[in-house]
Amino acid sequence: MTDLPLPDRRALAEGRADAFAELYDRHAVRMLAVARAIAGSAADAEDAVHETFLDLYRSRGALASARDERAYLVRAVRNAALRVRDRRRDEPLERDPAAASSPDRDMELERALATLPAEQREVLALKLDAELTFEQIGAVLAIPANTASSRYRYALEKLRAALGGAR
Amino acid sequence: MPPPELRQRVTRGIERVRAHERRAWLAACAATLLVTCAVRITMPALETADATVPRTIAPRELVAIGFDAADAERLARMWSSSRVPRVAPIQATASVASFVQGGL
């Protein structure tokens, strides 16, 4: 997520449509990537982003006064993605990378990501897609920053092994 | 890149939430107005500028304590024409009699 400040906080607090449109345009790409890493499918990720923006609108007072905007948005989309994923718990998880992946991602990379434990996949998304620091990741996941760093390192090692073994 | 349909979906969703909040706010205002009107309609006595009650006494009550009929009628008329603040209601005949004996 960019370092640009949130759209005018007052406009957000007032619930103005243009402020939320700007918020979407700035952050939807990254939020969708984080949601996909957690929810597992593109469709569920879109549902999560949709729910997140409705929640952001309903709690627009808190959004306008958020201290760390980036972590706030990531935490919001993460919670929504977890809810979407939990609702589908009884349904077979769509793990076919060809169906779930974005055209922007390499198919081989998608398959390698699918082999990672969920918590490592999540940290990768928060670090690489949401561009959070380990401190921010720790705040979002309620874990120490060192733990976030360790999960990130293990994820990269597993990814390297999965990609190296495929070749 | 997110599909364009997602942006439209988010925009429509926010519009629905906004409309729902507006309806809820209007309903709350209407309920408050209704309760206020209901209070005013059912409790008119509280709104009278002249919060007094007419005081009456039956002449036969005065006759019963020793008044002659003519004096009882005159006194009863005097009481009926006066108005007192809404405080305690007129008490029993005995207290009226003690007032009459002491004041008139």
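Quick caveat, the model's predicted, so the values are computed rather than measured. Proteins get letters first, then strands, A, B, ... in listed order; numbering begins at 1 in each.
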(message) Run Arg9(B) and Glu46(A) through side-chain contact (heavy atoms from CB on, under 4.5 Å) and show every step you take.
(response) CA-CA 10 Å; Arg9(B) 188 180 164 196; Glu46(A) 290 176 20; 4.3 Å; yes
(request) Output the option from Thr52(A), Asp47(A), Leu56(A) having the highest count of non-hydrogen pairs under 4.5 Å with chain B. (result) Asp47(A)
(request) Decide whether Phe134(A) and Tyr154(A) are clustered together by the hydrophobic rule: side chain heavy atoms of Ile, Leu, Val, Met, Phe, Trp, Tyr closer than 4.5 Å, transitively. (result) no
(message) Starting from Val84(A), can I reach Val34(A) by hopping between I/L/V/M/F/W/Y residues whose side chains sit under 4.5 Å apart?
(response) no
(message) Using 0.5 Å steps for rounding, measure from the CZ atom of Arg12(B) to the NE2 atom of His50(A).
(response) 8.0 Å
Using non-hydrogen atoms only, which part of [X] is less than 4.5 Å away from chain B: side chain, backbone, both, or neither?
| X | answer |
| --- | --- |
| Asp55(A) | neither |
| Ala45(A) | neither |
| Phe53(A) | both |

(request) Just do the side-chain contact (heavy atoms from CB on, under 4.5 Å) check on Thr11(B) and Tyr24(A) with the steps written out, would you? (result) CA-CA 9 Å; Thr11(B) 302; Tyr24(A) 179 91; over 6 Å; no
(message) At a 4.5 Å cut-off on heavy atoms, which part of Glu21(B) comes close to chain A: side chain, backbone, both, or neither?
(response) side chain
(request) Pick one of side chain, backbone, both or neither for Arg18(B), based on which atoms fall under 4.5 Å of a heavy atom in chain A. (result) both
(request) Write down the atom of Leu32(A), the atom of Pro3(B), and the distance for their closest heavy-atom approach. (result) CD2-CD, 4.4 Å
(request) Looking only at non-hydrogen atoms, find the nearest pair between Gly13(B) and Leu54(A) and report the distance. (result) C-CD2, 3.2 Å
